[in-house]
**Q** 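This is the structure I want to talk about, given as structure tokens.
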Amino acid sequence: MRRCIKIENRKRNQTLSIRLTQSEKSAIISKAKKSKLILTEYILKSSLQTEIKVVDLQPLLVELKRIGNNLNQITRKINSGAFYSYNFSEMIAMQRKIYDAIIKLSEEK
């Protein structure tokens, strides 16, 4: 017959359940062993000491879309002969750098 013993002074009395694949679970257990920490301590240290940056790219993406639309309108006017071509290569290169930076930031999430 099992007896439940209620521990009144237990500091950690909350649980958190997560779902993992077998390989994720094995990797976490392995890292905990390598760090010589019990699993709970390893997970707490890993999650509480790791800063996660949250970047809201939506306003930047809206502005980038507006700039792209403006470039398209200018290109159409140049192609229709409304005015003569201006060298937009520097502007296009900067637009590409902005786009690439946004893509890089969104992949880091």
Side-chain angles (χ1 to χ4, degrees):
M1 178 159 75
R2 282 186 157 174
R3 286 184 3 182
C4 275
I5 300 173
K6 187 176 181 181
I7 302 173
E8 299 278 336
N9 295 326
R10 186 174 177 186
K11 292 180 182 179
R12 292 188 177 134
N13 60 0
Q14 301 294 308
T15 61
L16 177 66
S17 297
I18 62 171
R19 297 202 179 270
L20 305 167
T21 65
Q22 183 60 47
S23 62
E24 290 169 335
K25 183 178 177 182
S26 297
I28 292 171
I29 291 171
S30 175
K31 287 182 177 186
K33 286 179 181 176
K34 284 180 185 176
S35 66
K36 297 181 181 173
L37 294 170
I38 62 172
L39 189 58
T40 300
E41 292 297 324
Y42 176 78
I43 291 171
L44 283 172
K45 286 182 182 266
S46 296
S47 62
L48 295 176
Q49 293 177 358
T50 302
E51 184 178 335
I52 297 175
K53 295 180 182 179
V54 178
V55 180
D56 182 14
L57 297 176
Q58 192 59 36
L60 191 56
L61 292 173
V62 169
E63 189 60 31
L64 188 63
K65 185 175 180 179
R66 287 182 185 144
I67 292 168
N69 287 338
N70 289 341
L71 284 173
N72 285 338
Q73 290 173 5
I74 291 168
T75 302
R76 273 190 241 126
K77 290 191 183 241
I78 290 170
N79 288 337
S80 70
F83 59 86
Y84 294 103
S85 177
Y86 172 79
N87 187 357
F88 286 102
S89 59
E90 185 177 336
M91 187 183 304
I92 292 168
M94 289 302 294
Q95 184 81 0
R96 173 59 61 191
K97 283 183 182 180
I98 293 169
Y99 177 77
D100 290 342
I102 291 171
I103 295 298
K104 184 177 178 185
L105 283 172
S106 66
E107 289 173 350
E108 292 176 359
K109 289 186 177 180

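All of these numbers come straight from a predicted model, not from anything done at the bench. Numbering of residues begins at 1 and proceeds along the displayed sequence.
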**Q** Roughly how far apart are Leu64 CG and Asn69 CG, rounded to 0.5 Å?
**A**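 Taking CG in Leu64 and CG in Asn69, the distance rounds to 10.0 Å.
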**Q** In chain order, what residues pass the side chain to side chain contact (heavy atoms under 4.5 Å, CB included) check against Lys25, with sequence neighbours excluded?
**A**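 Here the qualifying residues are Leu20, Ile29.
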**Q** Return each pair, listed once, that meets side-chain hydrogen bond (donor to acceptor under 3.5 Å, both in side chains) where at least one residue sits in residues 36-50; pairs must be two or more places apart or across chains.
**A**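 side-chain hydrogen bond (donor to acceptor under 3.5 Å, both in side chains) check on residues 36-50 returns Arg12-Glu41.
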**Q** For residues 95-102, which side-chain N or O atoms pair as donor and acceptor with protein atoms under 3.5 Å away, sequence neighbours left out?
**A**
none

**Q** Report the hydrophobic cluster partners of Leu44, with the cluster defined as I, L, V, M, F, W, Y residues connected by side-chain heavy atoms closer than 4.5 angstrom, directly or transitively.
**A**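 Cluster partners of Leu44: Leu48.
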**Q** Can you name the side-chain hydrogen bond (donor to acceptor under 3.5 Å, both in side chains) partners of Ser35, sequence neighbours left out?
**A**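 Checked Ser35 against side-chain hydrogen bond (donor to acceptor under 3.5 Å, both in side chains); zero matches.
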**Q** Assigning hydrophobic clusters by single linkage (Ile, Leu, Val, Met, Phe, Trp, Tyr; side-chain heavy-atom cutoff under 4.5 Å), is Met94 placed with Val62?
**A**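 Result: no, two separate clusters.
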**Q** Got a sec, which pairs hit salt bridge (charged side-chain N to carboxylate O under 4.0 Å, His left out) with one end in residues 63-79, sequence neighbours left out?
**A**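 Matches after skipping sequence neighbours: Glu63-Arg66.
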**Q** For residues Ile103 and Leu57: do they belong to one hydrophobic cluster (side chain heavy atoms under 4.5 Å, members Ile, Leu, Val, Met, Phe, Trp, Tyr)?
**A**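 Yes, Ile103 connects to Leu57 through the hydrophobic network.
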